[in-house]
*Asks:* 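Just passing along the structure, written as structure tokens.
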Amino acid sequence: MSIRTTGTIAVFGATGQQGGAVIDALLEHKASVRAMVRDPQADRAQALAARDVELAAIQTDDPASLSAALMGVEAFYFMTPEANNLEEVETEIRIGTALVDAAAGARVPHVVFSSVFGADQESGVPHHDSKRAIEEHLKTSGLKASMIRSTPFMEVLAPRLEHGEIVLRLPLPEDAVLKMISVKDVGRVAALLLLGIADSPGGAVELVGDELTGPQIAATFGAHAGLPARYEALPLSVLASDLDRAMFRQFAKMAEYPTDLAAARAIEPAIKNLAEWIRFTGWTASTNVASS
Ligand SMILES: NC(=O)c1ccc[n+]([C@@H]2O[C@H](COP(=O)([O-])OP(=O)(O)OC[C@H]3O[C@@H](n4cnc5c(N)ncnc54)[C@H](OP(=O)(O)O)[C@@H]3O)[C@@H](O)[C@H]2O)c1
């Protein structure tokens with residue numbers, strides 16, 4: 001496959017699920033990749049090195065290490081680590097800000113930030129508003145930036161096989177529509193933007209592969225498995241963290257946010273809906289579903 005950008009592309013979060021998917025997609029395009037990792041000796045970092053990915057050791061509280069890792073790159077992808085409490089939300093903003101500042105200092109020609117669906121509005125969800133703050137910082141940095149705003153990942157759905165039936169439980173009302181995307185597709189869209197093969201109109205794209213209610217999600221897994229399926233809506237109190245409760249309250253209102261399912265597919269036409277993702281991953285009730 002041919003690429004437009006031929007220079008090195010730096011990836012932060014390279015050993016994680018999103019960064020890993022971005023690197024997989026970049027390597028499929030035969031791009032040169034520099035992974036920014038905090039421990040180059042870690043198994044996951046070494047696995048990247050074995051695939052001819054260059055490793056750059058960084059610490060997010062060491063600006064010189066970030067600048068060195070970003071020097072001379074053609075494009076830069078970053079996400080921010082998961083936050084489970086308000087202190088971690090502050091850390092998330094601090095890391096995002098440090099990465100943007102380092103990219104600005106290194107005059108990186110194009111930055112792709114993996115944000116979150118709804119980051120263009122104040123949501124009251126602390127670990128979503130943090131991404132909004134990072135987007136704002138990126139917009140004022142003078143850098144050319146593309147925001148990819150992900151919805152929840154299909155990979156986190158965990159239906160169970162119970163007495164010959166697929167059961168999906170989420171702290172979400174039955175009639176709430178959950179928007180979702182596969183992590184692999186996040187990586188594919190990011191790679192096309194990083195490589196300059198595609199553009200995000202207006203500098204941001206919402207990543208939605210599908211939008212389904214809980215009963216429809218359960219039915220999609222059930223149809224694939226050839227088994228009956230049911231959905232059980234759980235109360236928000238099953239969630240341990242205030243942040244997650246705020247997030248699921250927000251998910252319950254997602255239907256109020258219009259979705260353009262064609263927007264991300266205009267960049268990557270092969271983006272999967274849930275049924276396609278289930279088939280693609282080879283998901284089966286016995287291998288991917290905890291049974292009881
Ligand atoms: N789960 C979902 O459905 C969903 C949907 C949309 C958006 N998101 C957002 O996605 C983000 C998480 O992405 P992910 O799932 O790819 O994360 P992940 O799999 O947990 O990976 C985290 C990555 O960040 C690196 N990292 C963490 N803290 C670091 C630090 N202080 N300095 C340097 N590197 C650090 C980790 O490196 P090490 O290997 O060294 O630990 C790892 O590479 C969160 O912001 C979350 O809100 C999640």
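Atoms within each ligand, like the ligands themselves, are counted from 1 in listed order.
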*Asks:* Using distance alone, determine whether Gly19 and ligand 1 share an N or O pair under 3.5 Å.
*Replies:* no
*Asks:* May I ask you to identify the nearest protein heavy atom to atom 34 (N) of ligand 1, giving residue, atom name and distance to one decimal place in Å?
*Replies:* Phe12 CZ, 3.4 Å
*Asks:* Suppose we measure from atom 2 (C) of ligand 1 to each protein heavy atom; which comes out shortest, and what is that distance?
*Replies:* Phe153 CD1, 3.1 Å
*Asks:* side-chain hydrogen bond (donor to acceptor under 3.5 Å, both in side chains), that's the test. Do Gln216 and Thr213 meet it? Break it down for me.
*Replies:* CA-CA 5 Å; Gln216 288 170 329; Thr213 62; 3.2 Å; yes
*Asks:* Is Val186 close to Met79 at the side-chain level, that is, under 4.5 Å between some pair of heavy atoms?
*Replies:* no
*Asks:* Among all protein heavy atoms, pick the one closest to atom 14 (P) of ligand 1 and tell me residue, atom and distance.
*Replies:* Gln17 CG, 3.7 Å
*Asks:* Any heavy atom of Val37 sitting closer than 4.0 Å to ligand 1?
*Replies:* no
*Asks:* For Arg132 and Asp120, indicate whether the former's side chain and the latter's backbone hold a donor-acceptor pair under 3.5 Å.
*Replies:* yes
*Asks:* Under a heavy-atom criterion of less than 4.0 Å, does His128 contact ligand 1?
*Replies:* no
*Asks:* Heavy atoms only: which of Glu82, Met79, Gln18 lies closest to atom 17 (O) of ligand 1?
*Replies:* Met79
*Asks:* Give the residue, atom name and distance (to 0.1 Å) of the protein heavy atom nearest atom 42 (C) of ligand 1.
*Replies:* Thr15 OG1, 3.5 Å
*Asks:* Is the shortest side-chain heavy-atom distance between Ile271 and Ile181 below 4.5 Å?
*Replies:* yes
*Asks:* Taking the six-membered ring for Trp, are Tyr77 and Phe12 closer than 6.0 Å centroid to centroid?
*Replies:* no
*Asks:* Give the atom numbers and elements of ligand 1 that come within less than 4.0 Å of a heavy atom of Glu92.
*Replies:* 45 (O)
*Asks:* May I ask you to identify the nearest protein heavy atom to atom 26 (N) of ligand 1, giving residue, atom name and distance to one decimal place in Å?
*Replies:* Arg38 NH2, 3.9 Å
*Asks:* Who's the nearest protein heavy-atom neighbour of atom 25 (C) of ligand 1, and how far?
*Replies:* Gly13 CA, 4.2 Å
*Asks:* Out of Ile58, Val116, Val156, Thr80, who is nearest to atom 11 (C) of ligand 1 when you count heavy atoms only?
*Replies:* Thr80
*Asks:* Mind telling me whether Phe251 and His128 have parallel, tilted or perpendicular rings, with 30° and 60° as the class edges?
*Replies:* tilted
*Asks:* So do Ser200 and Leu193 actually touch side chain to side chain, heavy atoms under 4.5 Å?
*Replies:* yes
*Asks:* Of all the heavy atoms in Ile95, does at least one lie under 4.0 Å from an atom in ligand 1?
*Replies:* yes
*Asks:* Tell me: protein heavy atom nearest atom 21 (O) of ligand 1, and distance?
*Replies:* Gly16 CA, 3.2 Å
*Asks:* Is atom 47 (O) of ligand 1 less than 4.0 angstrom from some protein heavy atom?
*Replies:* yes
*Asks:* Side-chain contact, heavy-atom cut-off 4.5 Å: Phe76 with Leu143?
*Replies:* no
*Asks:* Is there any N or O on Lys131 that sits under 3.5 Å from an N or O of ligand 1?
*Replies:* yes
*Asks:* Under 4.0 Å between a Lys/Arg side-chain N and an Asp/Glu carboxylate O for Asp24 and Arg51?
*Replies:* yes
*Asks:* Taking the non-hydrogen atoms of Phe117, is any one of them nearer than 4.0 angstrom to ligand 1?
*Replies:* no
*Asks:* Quick check on Met180 - does any of its heavy atoms sit under 4.0 Å from an atom of ligand 1?
*Replies:* no
